[in-house]
Amino acid sequence: MSPRRRRVDDPLWKSILEQTFSHFLRFIFPEADAVFDLSRPFDYLDKEFEQLFPPGSNGKGVRYVDKLVKVFLRDGSEQFVLCHVEIQSNKGRGDLAKRMFRYFYRIWDRYGVPITAIAILADENAGYRPTVYTQKFMGTSLRYDFNSYKILDQEESVLRSNGNPFSVIVLTALLAIANKKVTDEGLKEIKHDLYDEMMKREMDKSTRQGLYDYH
């Protein structure tokens, strides 16, 4: 694969999540329409998140994206959704669960608002799938569970049959993992195929262009 070729990158994940966030909620949470008031705008708390967690080096071999979003529930209350996308991980490093817990307690301490968190694992390590953080000492224990979605586990045929626009994002990431050694001609065919999938779902032009540049 040519180093010039664009792959799934960090700013693109952030942009795509903002453009498709209602679809993302419906994709991850089947009961989303009954729980969230999707008619109200989302508040993307990027600056607030950076104040709590100043950007810095993610560490060698680790790339991830974080998105903190304020949403409204159907009962009028506020809730935060934390989306963590692990793009590339260092297998065995073992700090994602601890990082997710750190996010939770810092956000809760600052805002006191209920939080649901999900880690989207877009890496290539089949055995890498953290979902819980635990601590135990002298009769005191703590357990923090969070949602986890492993892109490598998904089936291409199921994603293609899913009418939710976010399924195209997952399909694109899945194909990026599976076709790292694809030829230029093969890449062109994949991009045309993905474009057709986007058109079937009537995705808006800016989102289509962003996904088309995904590879």
Side-chain angles (χ1 to χ4, degrees), residues 8 10 13-14 16-17 21 24-32 34-36 42-73 75 77-155 158-159 166 169-170 173-174 176-177:
V8 181
D10 307 7
W13 263 111
K14 284 193 174 185
I16 291 298
L17 281 169
F21 201 73
F24 162 76
L25 290 177
R26 289 186 175 109
F27 185 86
I28 296 297
F29 304 110
E31 70 279 21
V35 175
F36 301 103
F42 303 115
D43 191 358
Y44 300 99
L45 305 175
D46 291 3
K47 291 183 179 179
E48 290 82 352
F49 189 86
E50 287 186 4
Q51 289 175 355
L52 289 174
F53 305 96
S57 173
N58 292 346
K60 184 178 180 181
V62 181
R63 286 174 51 218
Y64 53 82
V65 167
D66 295 300
K67 201 76 179 170
L68 181 63
V69 185
K70 181 168 72 174
V71 300
F72 289 93
L73 305 188
D75 63 8
S77 62
E78 296 179 359
Q79 181 164 330
F80 285 179
V81 175
L82 171 67
C83 181
H84 174 91
V85 185
E86 191 91 344
I87 299 168
Q88 180 178 334
S89 66
N90 207 354
K91 187 175 181 180
R93 195 165 185 262
D95 69 340
L96 184 145
K98 182 178 180 179
R99 199 182 327 138
M100 293 294 285
F101 174 63
R102 181 169 174 258
Y103 289 162
F104 168 79
Y105 75 70
R106 292 285 299 277
I107 294 169
W108 172 258
D109 184 57
R110 173 65 179 83
Y111 297 101
V113 175
I115 307 156
T116 184
I118 178 166
I120 300 179
L121 305 178
D123 63 288
E124 303 170 39
N125 298 327
Y128 182 71
R129 48 190 74 241
T131 59
V132 61
Y133 175 74
T134 60
Q135 278 189 21
K136 288 185 179 182
F137 179 68
M138 299 291 289
T140 297
S141 65
L142 175 148
R143 178 185 174 99
Y144 173 64
D145 294 270
F146 54 92
N147 301 295
S148 181
Y149 183 85
K150 186 76 173 181
I151 288 179
L152 201 59
D153 288 346
Q154 309 314 307
E155 295 184 17
V158 174
L159 294 171
F166 196 79
I169 285 92
V170 178
L174 180 64
I177 295 171

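Keep in mind that what you see is a predicted model, and the values were worked out from it rather than measured.
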Once ring pair (Phe, Tyr, Trp, His ring centres under 6.0 Å) is applied, do any residues pair with [X], and if so which ones, sequence neighbours excluded?
X	value
Phe36	none
Phe101	Tyr105, Tyr133, Tyr144
Phe42	Phe21

Walk me through whether Leu52 and Tyr111 qualify under side-chain contact (heavy atoms from CB on, under 4.5 Å). CA-CA 11 Å; Leu52 289 174; Tyr111 297 101; 4.0 Å; yes

Under 3.5 Å: donor-acceptor pair, side chain of Asp123, backbone of Asn125: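 At least one qualifying donor-acceptor pair exists.
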
Give a yes or no answer on whether the side chain of Asp145 reaches the backbone of Val132 with a donor-acceptor pair at less than 3.5 Å.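 Checked: no pair found.
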
Taking only residues two or more places apart in sequence, or in another chain, which ones meet Asp109 in a salt bridge (Lys or Arg N to Asp or Glu O under 4.0 Å)?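 Checked Asp109 against salt bridge (Lys or Arg N to Asp or Glu O under 4.0 Å); zero matches.
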
Ser148: what forms a side-chain contact (heavy atoms from CB on, under 4.5 Å) with it, not counting sequence neighbours?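 Ser148 satisfies side-chain contact (heavy atoms from CB on, under 4.5 Å) with Leu121, Thr131 only.
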
Quick check: closest heavy atoms across Cys83 and Ile120, and the distance to 0.1 Å?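 Heavy atoms only, the tightest pair is SG-CD1, 3.8 Å.
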
Please output the side-chain donor-acceptor pairs of residues 65-73 that fall under 3.5 Å, not counting sequence neighbours, one pair per line with the distance.
from: Asp66; atom 1: OD1; to: His84; atom 2: ND1; distance (Å): 2.6
from: Asp66; atom 1: OD2; to: Tyr103; atom 2: OH; distance (Å): 2.8
from: Lys67; atom 1: NZ; to: Glu18; atom 2: OE2; distance (Å): 2.6
from: Lys67; atom 1: NZ; to: Asp46; atom 2: OD1; distance (Å): 3.2
from: Lys67; atom 1: NZ; to: Asp46; atom 2: OD2; distance (Å): 2.8

Would you say Glu155 has more than 12 foreign heavy atoms packed within less than 6.0 Å of its CD?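 For Glu155, atom CD is not crowded (no more than 12 foreign heavy atoms under 6.0 Å).
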
Measure the CG-OH distance between Leu96 and Tyr128 for me, rounded to the nearest 0.5 Å.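 Here the rounded value is 4.0 Å.
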
Should the ring pair Trp108 and Phe104 be called parallel, tilted or perpendicular, given that the plane angle runs from 0 to 90° and is split at 30 and 60?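 Aromatic pair Trp108/Phe104 classed parallel.
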
